[in-house]
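Notes to accompany the following structure.
Just the heavy atoms: all of them, side chains too, but no hydrogens, waters or symmetry mates, feed the values below. For the single chain, residues carry numbers from 1 onward in sequence order. What you see is a predicted model; the values in this text were computed from it and never measured.
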Amino acid sequence: MKPKILRKIADLRATIAGWRAAGERIGLVPTMGALHDGHLALVHASQAQCRRTVVSIFVNPTQFGPNSDFDRYPRDLAGDVAMLAPLGVDAVFAPEAAEMYPPGFASTVTVADLTEGLCGPHRPGHFAGVATVVSKLLNQVMPDSAYFGEKDWQQLQVVRRLVRDLDIAVAIVGVPTVRESDGLAMSSRNLHLTTDERAQAATLHRVLELAARDLAGGAKSGDVIARGKAALRDAGFDPIDYLEVVDAESLRPVPQAVGNARVAVAAWLGRTRLIDNLPVSPR
Ligand code: AMP
């Protein structure tokens, strides 16, 4: 069944009010569209726990920097709706930018600390844009649960923190990364890769796997990072924004993977920036 397409916050609220009155559990899956199986995994996770699932599709301008890929970010609402229809998604919320940011809009949610490392310094303002739009979506839908991919690990931690700090009554659920058969994490941005770049892109995951294995065996972060960066350079990644070993929750760099660590990377292939991360399980 085709999902209901909602463009206005008032229509969204009216639809949700009916479900809420019937006592139905509601799940929210925030996306920027150009949907792939990674997004669908979030939908499945929501449907496993919730009677109703809302997928938001909004390419949020405030999380893109001035010289970033906002204009060329892939958009295909009809294709997205066609992917969601067979799943029985109840509603797609696809607002215009003016609906989300009307004239006079002046409020921003910032999450300190967690946004100081990893992607933070490379994408100034990005996480404030994410935190603000996620706060708005949570207030618009007021879901019981909201679903986010582990692929964007830093984003997942930022959302967990903002929900905790602002006492938003929602359960944040992280969903494992869905990958192509060669290990490349699915991403809407993969559409931008040339054939040659696509062939090289899987190196990102291979480097993370080797790093996670070495770290789990007791190797020092500095050594693992140096080896990984060399392998990425050989595969044509340039620049490498970061390859880091961090505590999975605080996101602070750790000299060795003890406890709950995560190895995370962001690097460019041509004009496309790719990110990925993996858990490290120490012996
Ligand atoms: P995006 O449309 O890229 O903003 O992503 C929307 C949501 O889907 C975010 O919570 C992402 O972390 C998640 N997501 C994107 N790619 C994947 C993937 N390959 N596996 C799992 N979740 C993903």
Do [X] and [Y] sit in the same hydrophobic cluster, where Ile, Leu, Val, Met, Phe, Trp and Tyr count as joined when their side-chain heavy atoms come under 4.5 Å apart?
X: Val173; Y: Val170; value: no
X: Ile225; Y: Val246; value: no
X: Val43; Y: Val54; value: no
X: Val175; Y: Val178; value: no
X: Leu28; Y: Ile168; value: yes

Can you tell me how far apart [atom1] ([X]) and [atom2] ([Y]) are? Round to the nearest 0.5 Å.
X: Met32; Y: Ser56; atom1: CE; atom2: OG; answer: 10.5 Å
X: Leu162; Y: Phe127; atom1: CG; atom2: CZ; answer: 12.0 Å
X: Asn277; Y: Trp153; atom1: CG; atom2: CH2; answer: 7.0 Å
X: Glu197; Y: Asn190; atom1: CD; atom2: CG; answer: 11.0 Å
X: Ile275; Y: Gln154; atom1: CD1; atom2: CD; answer: 8.5 Å
X: Met142; Y: Leu12; atom1: CE; atom2: CG; answer: 10.0 Å

For the backbone of [Y] and the side chain of [X], can you confirm whether one donor and one acceptor N or O come within less than 3.5 Å of each other?
X: Asp247; Y: Ser250; result: yes
X: Thr132; Y: Val109; result: yes
X: His39; Y: His36; result: yes
X: Asp69; Y: Arg72; result: no
X: Gln256; Y: Gly218; result: yes
X: Ser135; Y: Ala131; result: yes
X: His126; Y: Gln63; result: yes
X: Thr53; Y: Gly27; result: no
X: Arg7; Y: Ala94; result: yes

Indicate yes or no: at least one non-hydrogen side-chain atom of [X] is less than 4.5 angstrom from one of [Y].
X: Pro3; Y: Val55; result: no
X: Gln47; Y: Val89; result: yes
X: Glu180; Y: His205; result: no
X: Ile57; Y: Phe93; result: no
X: Tyr147; Y: Cys50; result: yes

Heavy-atom closest pair, residues [X] and [Y]:
X: Ala261; Y: Val254; value: CB-CG2, 4.5 Å
X: Pro95; Y: Met100; value: CG-CG, 3.7 Å
X: Pro61; Y: Ala97; value: CG-CB, 4.4 Å

Parallel, tilted or perpendicular: rings of Phe64 and Phe70 (30°, 60°):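 Ring orientation of Phe70 relative to Phe64: perpendicular.
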Within 6.0 angstrom of Arg75 CZ, more than 12 heavy atoms from elsewhere: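 Yes, CZ of Arg75 has more than 12 neighbouring heavy atoms, counting only those of other groups under 6.0 Å.
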Glu116 atom CD, over 12 foreign heavy atoms within 6.0 Å: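 Atom CD in Glu116 is packed in, count exceeds 12.
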Between [X] and [Y], is there a side-chain N and carboxylate O pair less than 4.0 Å apart?
X: Asp90; Y: Arg52; result: yes
X: Glu244; Y: Arg252; result: no
X: Glu99; Y: Lys8; result: yes
X: Arg161; Y: Asp113; result: yes
X: Arg233; Y: Asp238; result: no
X: Lys220; Y: Asp214; result: no
X: Asp144; Y: Arg20; result: yes

Derivation of the side chain to side chain contact (heavy atoms under 4.5 Å, CB included) call for Leu184 and Arg198: CA-CA 9 Å; Leu184 176 66; Arg198 174 63 192 82; 3.5 Å; yes
Distance-only polar pair, side chains of Asn60 and Tyr73, donor-acceptor under 3.5 Å: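 Result is no, nothing qualifies.
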Stacked cation flag Arg51 on Trp19, 6.0 angstrom / 45 deg: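 The answer is no; the distance or angle limit is not met.
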Lys136 to Phe58 six-membered ring, cation-pi geometry met (6.0 Å, 45°):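 Because its charged atom misses either the 6.0 Å distance or the 45° angle limit, Lys136 does not stack over Phe58.
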Derivation of the side-chain hydrogen bond (donor to acceptor under 3.5 Å, both in side chains) call for Ser68 and Arg123: CA-CA 9 Å; Ser68 66; Arg123 303 190 70 187; 5.4 Å; no
Given Asp241, Leu274, Leu118, Asp276, the one that forms side-chain contact (heavy atoms from CB on, under 4.5 Å) with Val265: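 Going through the options one by one, the only one that passes is Asp276.
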